[in-house]
Amino acid sequence: SIACPLKHHRHYNELIAKNFSRIGSVRLALYNGNLYLDVLLTKVFRPAKTDKTLGIDAGIKKLMVDSDGTQYGLDIERLIDKANRKQHKSKALYRSLAERDAYVNRTVKQLPVANYVIEDLRGLGKNTKKRLSKAFRSKVHRWTYAQLLNRIELHAEVVGVQCQRVAPAYTSQGCSECGFVHKSNR
């Protein structure tokens with residue numbers, strides 16, 4: 001029998017306050033000589049009551065811009081440049097990447113409750129060695145798109161809204177009402 005003060009831990013109390021409930025069992029594991037106790041929690045999904053849909057455009061200069069024109073994460077370019085200046089595999093690089101990741105997490109939590117639609121830009125930097133400049137490739141190298149997409153999807157799950165990925169082709173030129181695509185439709 002092991003006594004563990006779960007009800008007095010800050011993280012546990014935050015999750016219980018957000019309608020999580022503890023499953024009856026726990027898991028005890030030994031990793032690298034340290035003993036860990038995994039407490040299993042579950043949450044009943046309750047969808048949020050919202051009819052609003054928000055399009056989110058991810059970027060390098062601004063982390064996100066929504067379809068209402070609100071800009072989020074105006075400081076992300078500075079954090080990416082800061083990480084790019086650090087030496088490869090140094091402690092300073094890992095600290096700056098952790099700072100960038102924490103900034104992304106804080107920024108995503110500022111999104112209003114709505115259904116999210118975001119462009120699926122994965123693979124943007126693949127096979128671009130001859131097409132793009134070295135300066136652009138180095139900036140995209142530390143871009144946080146995959147993490148941003150993951151955090152938005154997790155935020156949507158916690159809030160209880162939907163998050164949908166769409167193909168990026170012609171999204172800037174297509175009419176949101178009728179779907180008509182033209183080069184001058186920006």
Side-chain angles (χ1 to χ4, degrees), residues 11 14-15 18 20 31 38 40-43 45 47-48 50 52-174 176 186:
H11 298 298
E14 284 176 5
L15 291 173
K18 293 179 181 177
F20 281 83
Y31 295 113
D38 293 334
L40 306 175
L41 300 171
T42 185
K43 182 177 181 180
F45 179 72
T50 182
K52 185 175 179 181
T53 300
L54 202 60
I56 298 174
D57 189 19
I60 295 175
K61 298 211 180 259
K62 300 170 198 78
L63 186 62
M64 298 178 289
V65 178
D66 66 16
S67 54
D68 293 339
T70 308
Q71 299 175 352
Y72 303 91
L74 301 176
D75 210 21
I76 193 67
E77 186 178 23
R78 182 188 65 79
L79 294 172
I80 290 173
D81 289 340
K82 181 179 177 180
N84 282 336
R85 288 191 304 267
K86 304 300 179 194
Q87 186 175 354
H88 183 63
K89 291 192 175 182
S90 67
K91 288 182 181 179
L93 173 66
Y94 294 127
R95 279 193 305 266
S96 65
L97 292 178
E99 180 183 2
R100 178 202 65 188
D101 296 345
Y103 182 75
V104 169
N105 294 341
R106 283 192 311 271
T107 306
V108 168
K109 289 179 182 178
Q110 295 173 358
L111 286 172
V113 176
N115 295 318
Y116 305 124
V117 178
I118 187 165
E119 290 178 321
D120 194 2
L121 299 175
R122 292 176 298 170
L124 181 69
K126 302 282 188 216
N127 301 323
T128 58
K129 194 161 194 159
K130 295 184 178 169
R131 292 189 294 136
L132 302 173
S133 70
K134 185 176 182 180
F136 181 76
R137 286 194 322 262
S138 69
K139 193 169 286 265
V140 171
H141 177 70
R142 299 282 180 212
W143 191 33
T144 60
Y145 178 74
Q147 182 202 11
L148 175 66
L149 188 62
N150 186 25
R151 291 301 303 168
I152 291 173
E153 288 174 346
L154 287 174
H155 177 69
E157 187 176 325
V158 168
V159 173
V161 295
Q162 293 182 354
C163 183
Q164 180 182 2
R165 297 181 193 180
V166 295
Y170 306 110
T171 54
S172 299
Q173 298 173 6
S176 60
R186 291 202 165 257

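None of these values were measured; they are calculated from a predicted model.
- The shortest heavy-atom contact between Cys163 and Ala156 is CB-CB, 3.9 Å.
- Rounding to the nearest 0.5 angstrom, the gap separating the CG atom in Leu148 from the CD1 atom in Ile152 is 4.0 Å.
- Contact check for Arg165 versus Leu149: side-chain heavy atoms found under the 4.5 Å cut-off.
- In this structure, Thr144 OG1 and Asn150 CG are separated by 11.5 Å, a value rounded to the nearest 0.5 Å.
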Side-chain donor-acceptor pairs of residues 109-117 under 3.5 Å, sequence neighbours excluded:
| unit_1 | atom_1 | unit_2 | atom_2 | d |
| --- | --- | --- | --- | --- |
| Asn115 | OD1 | Gln162 | N | 3.1 |
| Tyr116 | OH | Pro112 | O | 2.6 |

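- Salt-bridge formation is not detected for the pair Arg106/Asp75: no Lys NZ or Arg NE/NH1/NH2 atom is positioned less than 4.0 Å from an Asp or Glu carboxylate oxygen.
- Annotation for Arg100 and Leu79: closest pair CA-CD1, 4.2 Å, computed over non-hydrogen atoms.
- Of all the heavy atoms in Gln87 and Leu93, the pair that sits closest is O-CB, 3.6 Å.
- Residue-environment remark: CD (Glu14) exceeds the threshold of 12 foreign heavy atoms within 6.0 Å.
- Between Tyr72 and Thr107, the closest heavy-atom pair is CB-CG2, 3.6 Å.
- Within 6.0 Å of atom CD in Glu157, 12 or fewer heavy atoms from other residues, nucleotides or ligands are found, so the atom counts as exposed in its surroundings.
- For the pair Asp68 (side chain) and Thr70 (backbone), a donor-acceptor distance under 3.5 Å is absent.
- With a 4.5 Å cut-off on side-chain heavy atoms, Arg95 and Glu99 do not count as touching.
- The two atoms that bring Glu119 and Asp57 nearest to each other are OE1-OD1, 3.2 Å, heavy atoms only.
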